Amino acid sequence: MGLGSDSAGGGCWPVHGQASWLALVDPIGDAAVRQLIQSARQFLLPEAIAGLLALAIGDGRRRNSTPDHPLRVLSDLAAVIDPDFGTSLDIRTRLLRAVLDWIRNDCRAEEQWCVATEALAGIFSVEVSGNWQDPGALNTFTIANGIDAADNLSGLLRLWEQVVLLLTSDASDGDRVSCPPRALIVLLDMALGWVRLGLGVALKGQTPSAKQMQYGAEGGHRILDTLHPLLQRSAGTALRAHRELAHLHSRARAAGHELPVFDIDPDLQSFCEWGGIDCTDDYGTAAEQVSSHAAALATKLAGLGPAAGAVGFDELAEQARLVDDYTGYLTAVRMGELMAHPAAWYREAAASGCSTLLGVALTQWLTTDPTQCRWPCCVQP
């Protein structure tokens with residue numbers, strides 16, 4: 001394949017007629033990113049940290065396989081183990097100050113909040129790690145990971161109060177928005193790390209000390225106490241938190257801790273099908289529960305009519321994505337069996353872009369009135 005090039009170094013592109021894709025090379029931009037990373041790692045410059053946060057917006061690369069991802073850089077920095085000095089609360093403190101300033105000044109949309117909360121989750125993680133080369137044996141590397149020191153965990157809990165003020169403050173002033181439900185998920189995962197530490201669950205092969213467990217239990221309680229009302233605002237995040245905590249309640253009670261309880265939307269639980277069933281009984285009983293719950297929800301949604309029913313289905317689908325358990329297929333199939341006017345349902349589903357409901361409505365339309373359904377894709381909503 002022939003490629004044209006720009007002698008200034010700004011990019012390259014396929015020669016006309018030989019390819020239809022474009023490959024961009026930006027050596028100046030790459031050098032700027034490397035400079036930001038170096039400035040953040042060596043000097044913790046607030047401007048460099050803010051620059052990395054801005055770069056992280058829309059960057060969907062995997063963190064574990066992309067060491068130069070801006071959020072991976074910041075989380076590694078927060079949890080770093082120095083071979084000579086161990087871990088440092090000062091690094092987390094300075095990172096937190098820069099991240100909170102960025103939230104106050106630049107969080108104007110959901111994507112920015114998602115970046116900010118992921119950075120906060122890295123700062124408040126109980127885990128630490130590091131790797132370094134042996135200066136006396138250059139082919140020898142040490143890889144270390146574990147739980148941060150008890151004193152640092154205690155210091156992190158004091159720092160959390162700064163986050164509480166920002167998460168719970170009124171965002172109606174100016175053009176700043178409140179933290180959206182999707183951005184809370186990483187904070188929930190971080191809080192669960194504290195809860196598990198309080199219950200003595202640590203990295204494989206490691207046993208936390210009594211002090212670490214004490215601060216883990218205290219931190220889990222305090223952080224979840226902050227997140228509880230925020231997670232409860234959304235049916236999806238409430239159900240997700242409920243599921244994550246469900247298998248920890250009995251163990252927490254045995255240890256003398258009480259975990260928060262969330263109010264669950266029964267319609268969303270039915271929509272999530274198998275994810276909403278506690279499979280303590282045999283498979284047949286569980287399958288019967290899934291089917292009956294889906295049928296009841298389908299009857300409820302179908303009874304609303306095409307317009308309101310499609311809107312209700314879409315709202316449940318949106319919340320199910322927050323649970324990370326998008327299903328709804330069985331509910332849609334049961335709805336199809338109850339559609340009195342599948343053509344109207346098809347138009348509503350096409351307008352909302354709901355592919356699951358669209359396919360069911362089309363199948364029902366073709367089944368009940370195939371002569372009126374020649375080219376559904378041409379039907380204008």
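Remember, it's a predicted structure, so these values are computed and weren't measured experimentally. Along the sequence shown, residues are numbered consecutively beginning with 1.
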Seminar exercise, completed: What one should report as the nearest heavy-atom pair of Glu273 and Leu330 is OE2-N, 2.7 Å

Exercise. With a 4.5 Å limit on heavy-atom distance, are the side chains of Leu95 and Leu74 in contact?
Worked result: yes

For this session: Give the C-alpha distance, both sets of side-chain angles, the deciding distance and a yes or no for ring pair (Phe, Tyr, Trp, His ring centres under 6.0 Å) between Trp160 and Phe124.
Result: CA-CA 8 Å; Trp160 178 253; Phe124 285 93; 5.2 Å; yes

For this session: State whether the number of non-hydrogen atoms from other residues, nucleotides or ligands found under 6.0 Å of Glu288 atom CD is greater than 12.
Result: no

Exercise. Are Leu184 and Leu100 connected, step by step, through hydrophobic side chains (Ile, Leu, Val, Met, Phe, Trp, Tyr) whose heavy atoms are closer than 4.5 Å?
Worked result: yes

Exercise. Is the side chain of Thr117 donor-acceptor paired with the backbone N or O of Ala183 at a distance under 3.5 Å, no angle test?
Worked result: yes

Exercise. With a 4.5 Å heavy-atom cut-off, do Val99 and Leu53 have their side chains touching?
Worked result: yes

Exercise. How about Gln35 and Ser39: does a side-chain donor come under 3.5 Å of a side-chain acceptor?
Worked result: yes

Problem set entry | Approximate separation, where rounding is to 0.5 Å, of Glu118 CD and Leu71 CG | 4.5 Å

For this session: Indicate, with yes or no, if Val311 and Leu338 share a hydrophobic cluster defined by side-chain heavy-atom contacts under 4.5 Å among Ile, Leu, Val, Met, Phe, Trp and Tyr.
Result: no

Exercise. Is any side-chain heavy atom of Leu322 closer than 4.5 Å to a side-chain heavy atom of Arg240?
Worked result: no

Exercise. Between OG1 of Thr237 and CG of Leu227, what distance do you get to the nearest 0.5 Å?
Worked result: 10.0 Å

For this session: Kindly give the heavy-atom pair with the smallest separation between Leu192 and Leu248, and that separation in Å.
Result: CD2-CD1, 4.4 Å

Exercise. side-chain contact (heavy atoms from CB on, under 4.5 Å) between Leu167 and Leu187: does it pass, once the steps are laid out?
Worked result: CA-CA 11 Å; Leu167 288 178; Leu187 294 181; 4.0 Å; yes

Problem set entry | Ile49 with Leu77, same ILVMFWY side-chain cluster at under 4.5 Å | yes

Exercise. If you round to the nearest 0.5 Å, how far is CZ of Arg108 from CH2 of Trp113?
Worked result: 11.0 Å

Exercise. Quick one: OG1 on Thr356 to CE on Met335, what's the gap to the nearest 0.5 Å?
Worked result: 11.0 Å

Exercise. Using a distance-only test with no angle check, is there a side-chain donor-acceptor pair under 3.5 angstrom linking Arg63 and His69?
Worked result: yes

For this session: Could you check whether the rings of Tyr346 and Trp365 sit parallel, tilted or perpendicular, using 30° and 60° as the cut-offs?
Result: tilted

For this session: Could you please spell out the steps behind the salt bridge (charged side-chain N to carboxylate O under 4.0 Å, His left out) verdict for Asp76 and Arg72?
Result: CA-CA 6 Å; Asp76 285 352; Arg72 165 75 182 275; 2.7 Å; yes

Exercise. Taking it one step at a time, do Arg34 and Ile37 satisfy side-chain contact (heavy atoms from CB on, under 4.5 Å)?
Worked result: CA-CA 5 Å; Arg34 289 194 296 270; Ile37 293 174; 5.6 Å; no

Exercise. Linking I/L/V/M/F/W/Y whenever their side-chain heavy atoms sit closer than 4.5 Å, directly or via other members, would Ile185 and Leu224 fall into one cluster?
Worked result: no

For this session: Treating Ile, Leu, Val, Met, Phe, Trp and Tyr as nodes and any side-chain heavy-atom pair under 4.5 angstrom as an edge, say whether Ile103 and Ile57 lie in one connected cluster.
Result: yes

Exercise. Do Met190 and Ile223 pass the side-chain contact (heavy atoms from CB on, under 4.5 Å) test, and can you show the C-alpha distance, the side-chain angles, and the key distance before you say yes or no?
Worked result: CA-CA 9 Å; Met190 176 270 294; Ile223 296 171; 3.8 Å; yes

For this session: Compute whether any side-chain donor of one residue and acceptor of the other, for Gln319 and Ser234, lie under 3.5 angstrom apart.
Result: yes

Exercise. If every non-hydrogen atom of Leu301 is compared with every non-hydrogen atom of Trp345, which pair is closest and at what distance?
Worked result: O-CH2, 3.8 Å

For this session: Starting at OG of Ser270, measure out to CG of Leu316 and round the result to the nearest 0.5 Å.
Result: 9.0 Å

Seminar exercise, completed: For Ala294 and Thr331, the nearest pair of non-hydrogen atoms, with its separation, is CB-OG1, 3.9 Å

Problem set entry | Charged N-O contact under 4.0 Å between Arg104 and Asp101 | yes

For this session: Check whether any side-chain heavy atom of Cys114 lies under 4.5 Å from a side-chain heavy atom of Arg182, and answer yes or no.
Result: yes

Exercise. Is there a donor in the side chain of Ser154 and an acceptor in the side chain of Arg158, or the other way round, less than 3.5 Å apart?
Worked result: yes

Exercise. Hey, does the side chain of Thr368 reach the backbone of Gln364 with a donor-acceptor pair shorter than 3.5 angstrom?
Worked result: yes

Problem set entry | Pair Arg92 + Asp148, salt bridge at N-O below 4.0 Å | yes

For this session: Tell me, with the steps shown, if Ile143 and Trp132 meet side-chain contact (heavy atoms from CB on, under 4.5 Å).
Result: CA-CA 7 Å; Ile143 300 175; Trp132 53 87; over 6 Å; no

For this session: Check for a donor-acceptor pair, side chain of Thr327 on one end and backbone N or O of Tyr329 on the other, with a separation under 3.5 Å.
Result: no

Exercise. Just wondering, do Phe141 and Asp134 contact through their side chains at under 4.5 Å, heavy atoms?
Worked result: no

Seminar exercise, completed: Heavy-atom closest pair (Ala98 atom, Pro46 atom, distance to 0.1 Å) is CB-CA, 4.2 Å

Problem set entry | Other residues, nucleotides, ligands: >12 heavy atoms within 6.0 Å of His257 NE2 | yes

Exercise. So do Leu245 and Pro260 actually touch side chain to side chain, heavy atoms under 4.5 Å?
Worked result: yes

Exercise. Would the number of heavy atoms belonging to other residues, nucleotides or ligands and lying under 6.0 Å from NE2 of His221 be above 12?
Worked result: no

Problem set entry | Salt bridge Arg321-Glu318, side-chain N to carboxylate O under 4.0 Å | no

Exercise. To the nearest 0.5 Å, how far apart are CD in Gln212 and CG in Asp151?
Worked result: 10.0 Å

Exercise. Between Arg94 and Arg97, is any pair of side-chain heavy atoms under 4.5 Å apart?
Worked result: yes

Exercise. Is the closest side-chain heavy-atom distance between Val33 and Asp68 below 4.5 Å?
Worked result: no

Exercise. How about Asn139: does its CG atom have over 12 heavy atoms from other parts shown lying under 6.0 Å from it?
Worked result: no

Exercise. Taking all atoms of both residues into account, what is the closest heavy-atom pair of Ala238 and Gln232, and its distance?
Worked result: CB-NE2, 3.7 Å

